[in-house]
Structures are given as structure tokens and as C-alpha cells.
Amino acid sequence: MKALVKISWSKEKPVLKFATPEGYETVKLEKGKEFDYEVTKKRRCIGFHSEKGQMTPCPAFNKIESGDQCFNCRKKDIYTHWRTGNGSPGFEADYSVYLAQCGNQVKVGVTRTDRLRNRWLEQGADYAVELFSKLSPEEALEKEKYLSENGLKERIRKENKIISAEKNILENEMQEHSLEGDIIDLSNSINCNSFLRDGVFPSPIENVKGQIISNGRICLGISSGKVVQKSRQKGLSDF
Ligand SMILES: [Zn+2]
């Protein structure tokens with residue numbers, strides 16, 4: 001048994017990480033690769049960030065009802081205070097404030113300056129711009145808060161990211177808020193006519209955009225913590 005963690009990007013290529021009772025596993029999401037998985041509605045704890053860029057598995061691979069961490073792992077996670085807006089992650093780093101257009105919506109976000117491009121790829125951004133760089137975490141969060149209070153979103157739902165992005169939406173939003181920066185084009189149209197959060201894994205893989213996998217017909221949004229099992233449908237057709 002394993003649980004989904006997330007898709008991260010290594011040298012611009014997507015890699016899917018799983019939590020298992022024995023630790024973590026990763027699999028490259030190459031085009032044409034086939035999977036025999038089914039994503040269930042059950043959830044298990046994915047562990048916690050023990051230090052910068054380092055995750056530690058949940059000692060008991062605990063069953064959970066919602067989210068992706070058990071109480072103890074959430075408490076131990078160095079990013080918990082950061083995520084809830086109650087403090088910095090506790091290590092020195094430069095932070096950037098950015099805007100990302102995913103589909104036809106724009107959001108504001110904060111990330112470590114050295115992770116900026118990976119963060120955009122992880123979010124499935126079509127266009128993105130760095131607005132401010134080399135900030136302390138506090139300065140970056142303050143700017144993000146100001147922009148979100150002035151009407152910029154902080155989240156875009158995955159099902160809105162499968163829409164083909166129109167150009168100029170990000171530029172218009174920047175003009176409206178008197179913001180400057182160079183827009184980076186990462187546009188990637190993901191081909192699908194239905195969006196799922198669980199069920200049969202799209203296979204063979206045609207495209208990956210952020211946390212969404214497509215086989216050209218079906219898109220699956222990766223939700224951290226969901227349990228994956230061998231596909232029962234495939235099992236039956238084997239007889
Ligand atoms: Zn746990």
C-alpha cells in the first residue's frame with residue numbers, strides 16, 4: 001500500500017513521490033508510461049519535513065480522515081507555522097513574491113528565491129512573474145498579504161488549471177495593480193475532457209501539468225495523502 005505525496009520537478013521533468021510503510025518511493029512520469037493503479041478515497045499520513053528539503057516518514061504510516069498529516073507529524077513539521085502564517089520555517093533563505101497564471105486565473109504566492117521555477121512547475125503555471133526578490137520571509141509574507149487584500153487570489157483550484165491559458169491575462173492583472181517584472185512563458189495545454197480526484201490512474205501518460213496527470217482523455221488531480229492500490233478493474237480483465 002502507498003499514499004500519494006506530490007509531483008515535484010527534477011531537471012524540468014516530473015517525478016511522483018509516494019509514501020509507503022517502508023519509506024518513500026519515486027517514479028518518473030515519462031510520456032507513454034503505463035500505470036496499473038487506482039486512487040482511493042482513503043488517506044494515510046505522508047510524514048513531515050524534518051529539515052530544509054528533507055522529509056521523514058510517519059513512524060506508523062497512520063490512517064487519517066482528512067488532509068495529509070497525522071497530528072504528531074503536523075506538529076513536528078518545520079513548515080507548519082509558515083503554512084498557517086505564524087512564523088518563518090527557521091532557516092536562513094531569500095524569498096520571492098510572484099504571480100502565477102494557471103489556466104485563466106492569477107494568484108499571488110511566496111517561495112524561496114532558489115525554488116521559484118520549480119514552484120511554478122509544481123503549481124502548473126502557464127505564465128509567471130517574479131515581482132520582488134531577496135526578501136526575508138516576513139517581508140515576503142507582508143507583500144503577499146497586501147496584494148491578496150487588494151484582490152489577488154492565493155489559491156487556484158486544480159480543475160481551473162486544465163483550461164487552456166489565454167495570453168495577456170497576467171499582463172493585464174499586473175497593469176491593474178501597477179506591478180512590474182518579466183513574464184516567463186511555461187504554457188502547457190493539458191488535453192482532457194474530464195477531471196477526477198480519485199479512481200483509475202490515467203494511463204498511459206500523455207502529459208503532466210503541475211499536480212495533474214492526463215492520458216489525453218482523463219485528468220487526475222494528485223491529492224496528497226490519498227491511498228493508491230493496484231487497479232481492481234485491471235485485475236478483473238486479466239482473467
Ligand atoms: Zn504521521
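Sequential numbering from 1 along the given sequence is applied to the chain's residues. One-based numbering, in listed order, for ligands and for the atoms of each.
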### Task
List for me each residue that meets disulfide bond (SG atoms under 2.5 Å apart) alongside Cys73, sequence neighbours excluded, and say none if there are none.
none

### Task
List for me each residue that meets disulfide bond (SG atoms under 2.5 Å apart) alongside Cys58, sequence neighbours excluded, and say none if there are none.
none

### Query
How many protein atoms of type N/O/S are positioned less than 2.8 Å from the Zn ion (ligand 1)?
4

### Query
With sequence neighbours left out, what residues match Tyr24 under side chain to side chain contact (heavy atoms under 4.5 Å, CB included)?
Val5, Lys17, Ala19, Met55, Pro57

### Task
Test Asp198 against every option in Arg43, Lys42, Lys226 by the salt bridge (charged side-chain N to carboxylate O under 4.0 Å, His left out) rule and name the one that passes.
Lys226

### Query
Does Tyr127 offer a backbone N or O that forms a donor-acceptor pair with the side chain of Lys167 under 3.5 Å?
no

#### Entry: Electrostatic pair Lys145:Glu142 at N-O distance under 4.0 angstrom
no

